[in-house]
S.K.: 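Next up is a structure, given as structure tokens.
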2 protein chains.
Amino acid sequence: MTQVRKRSKAPPPSQRRRSPPANPTLASRTTGPLDALLDPALFAALSDPTRLRLVACIAKCGRGCTVGETAACCAVDLSVVSRHLALLARAGILTAAREGRVVRYIVRYDALATLFRSLADALDHCRPTDIACACNADCAEGTCDAR
Amino acid sequence: MTQVRKRSKAPPPSQRRRSPPANPTLASRTTGPLDALLDPALFAALSDPTRLRLVACIAKCGRGCTVGETAACCAVDLSVVSRHLALLARAGILTAAREGRVVRYIVRYDALATLFRSLADALDHCRPTDIACACNADCAEGTCDAR
DNA sequence: CCAATACTTGCACAATGACGCAAGTACGCA
DNA sequence: TGCGTACTTGCGTCATTGTGCAAGTATTGG
């Protein structure tokens, strides 16, 4: 994660976001070509060992897991877990739902599985065939739309 | 990426690694359960926008791309591109091959596609059924093998 | 062997990210 | 309304990472 610069001062408690914004529609990433599927934010969310462990933990607990339960999976402060889960939800990997006093996080199985399959398909489509790709001369020009 | 602490001083030029180590066998990650597939290093490699652009660029250029060609895809120094490509190769996403004066990098289409499909499958298997998961009480104990 | 091309690596620096602690907020129940 | 439980957020710290520049190494051709 490099060029994602978000540095706005937290708004006052009154107007502070209480319920997280709608999860980004993973579906919107599952249609386009390879570029559209290669979202740095998604991979960044999955690039931390602690977060991955949390995801794995929640993925296996059928019903949603609370922050406290999930925190038992790894040896970091509860506040850290809370932040990680919020981040994962923002990335569209988890869904959060408040149930009275607790918040349950659950993995967005379908969205993720669909996304990964789309990625695999997109890669297959990119695989070179016998016909040479016209963009060989220079990736920055010609028919290569990678930029 | 957090707990990956590698802080060894670079070895002297004489014993410095010239050819990169064999790419990690992505295949080894495509068999186990979800945990085995959730490799932080892989996602970390894909978490940088510049690197993703390089991957997309190379993915679409059927034959391997040289470092110089690839560098045309984005506005960073050639040395940066070189480092990114080496990292991607180390992560098993690209394969490097020296051809005379140039080095060609190519996407490991099959390995990646297989990995992503395995991930999707693993997620599908984790999806809760009607039978409640026995590990609900506490993710850190019981039958939940997420830790 | 020298020069040119094509990368790779050392070094310094700024920005980012993960973390823990402490304080703050939300919700349910007396 | 006051209290306890369950999270969330502010803040400071420290390690990691992305980047550019300059110097180093590899490979080919003269």
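Order of the sequence lines sets the chain letters (A, B, ...), proteins ahead of strands, with each chain counted from 1.
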S.K.: Counting only side-chain nitrogens and oxygens, does Tyr105(A) get under 4.0 Å of the OP1 or OP2 atom of dT8(D)?
M.R.: yes

S.K.: Can any side-chain N or O of Arg98(B) pair as donor or acceptor with the backbone N or O of Gly100(B) at less than 3.5 Å?
M.R.: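 Checked: pair present.
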
S.K.: Round to a whole Å and report the spacing from CG of Leu46(A) to P of dA18(C).
M.R.: 12 Å

S.K.: Are Cys57(A) and Cys74(A) close enough that their SG atoms are less than 2.5 Å apart?
M.R.: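 No disulfide here.
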
S.K.: Would you mind telling me which of dC7(D), dG20(D), dT8(C) lies closest to the side-chain atoms of Asp77(B)?
M.R.: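 So the nucleotide nearest the side chain must be dG20(D).
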
S.K.: Once the angle between the rings of Phe116(B) and Phe116(A) is folded into 0 to 90°, is it parallel (under 30°), tilted (30 to 60°) or perpendicular (over 60°)?
M.R.: parallel

S.K.: Identify the pairs formed between an N or O of the protein and an N or O of nucleotides 27-30 of chain D at a distance under 3.5 Å, and give each distance.
M.R.:
none

S.K.: Taking only the side-chain heavy atoms of His84(A) (C-beta and beyond), determine which of dA18(C), dT9(D), dC7(C) contains the nearest atom.
M.R.: dA18(C)

S.K.: Which heavy-atom pair separates Asp48(A) from Pro40(B) by the least distance, and what is that distance?
M.R.: C-CB, 4.5 Å

S.K.: Which nucleotide sits closest to the side chain of Val103(A): dT8(C), dT8(D), dA6(C)?
M.R.: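 For Val103(A), the side-chain atoms sit closest to dT8(D).
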
S.K.: Ignoring backbone atoms, establish whether Thr50(B) has a side-chain N or O less than 4.0 Å from OP1 or OP2 of dT19(D).
M.R.: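 Yes, Thr50(B) has a side-chain N/O under 4.0 Å of OP1/OP2 on dT19(D).
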
S.K.: Would you mind reading off the distance between Arg51(B) atom CZ and dT16(D) atom C1', rounded to a whole angstrom?
M.R.: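 The answer, rounded to whole Å, is 12 Å.
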
S.K.: To the nearest Å, how far apart are Arg104(B) CZ and dA26(D) C1'?
M.R.: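 From Arg104(B) CZ to dA26(D) C1': 17 Å.
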
S.K.: Nearest-Å distance, CG (Leu87(A)) to C1' (dT9(D))?
M.R.: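 Between C1' of dT9(D) and CG of Leu87(A): 14 Å.
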
S.K.: To the nearest Å, how far apart are Phe43(B) CZ and dT16(D) P?
M.R.: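 Going from Phe43(B) (CZ) to dT16(D) (P), I get 22 Å.
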
S.K.: Does Ser79(A) contact dC21(C) through a side-chain donor or acceptor facing the base, at a distance under 3.5 Å?
M.R.: yes

S.K.: How close or far is atom P of dA18(C) from atom CG of Leu78(A), stated in whole angstroms?
M.R.: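 Checked: the CG to P distance equals 17 Å.
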
S.K.: Kindly point out which of dC19(C), dT19(D), dT9(D) is positioned nearest to the side chain of Ser82(A)?
M.R.: dT9(D)

S.K.: Return the value, rounded to whole Å, for the distance between atom CD of Glu69(A) and atom C1' of dT5(D).
M.R.: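 Computing the Glu69(A):CD to dT5(D):C1' distance gives 14 Å.
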
S.K.: Check Ala71(B) against Leu78(B) and note the closest heavy-atom contact, atom names and distance.
M.R.: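 That closest heavy-atom pairing would be CB-CD1, 3.6 Å.
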
S.K.: Of all residues at least two apart in sequence or in a different chain, which pass the ring pair (Phe, Tyr, Trp, His ring centres under 6.0 Å) check with Tyr105(B)?
M.R.: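 Tyr105(B): no ring pair (Phe, Tyr, Trp, His ring centres under 6.0 Å) contacts found.
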
S.K.: Checking contacts here: which listed nucleotide (dT19(D), dC7(C), dC7(D)) is nearest the side-chain heavy atoms of Asp48(B)?
M.R.: dT19(D)

S.K.: Tell me which pairs pass salt bridge (Lys or Arg N to Asp or Glu O under 4.0 Å) where either residue lies in residues 117-126 of chain A, with sequence neighbours left out.
M.R.: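 Sorted pair list: Arg117(A)-Asp121(B), Arg117(A)-Asp124(B), Asp121(A)-Arg117(B), Asp124(A)-Arg127(A), Asp124(A)-Arg117(B).
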
S.K.: Could a donor-acceptor pair under 3.5 angstrom be found where the side chain of Arg83(A) meets the base of dG10(D)?
M.R.: yes

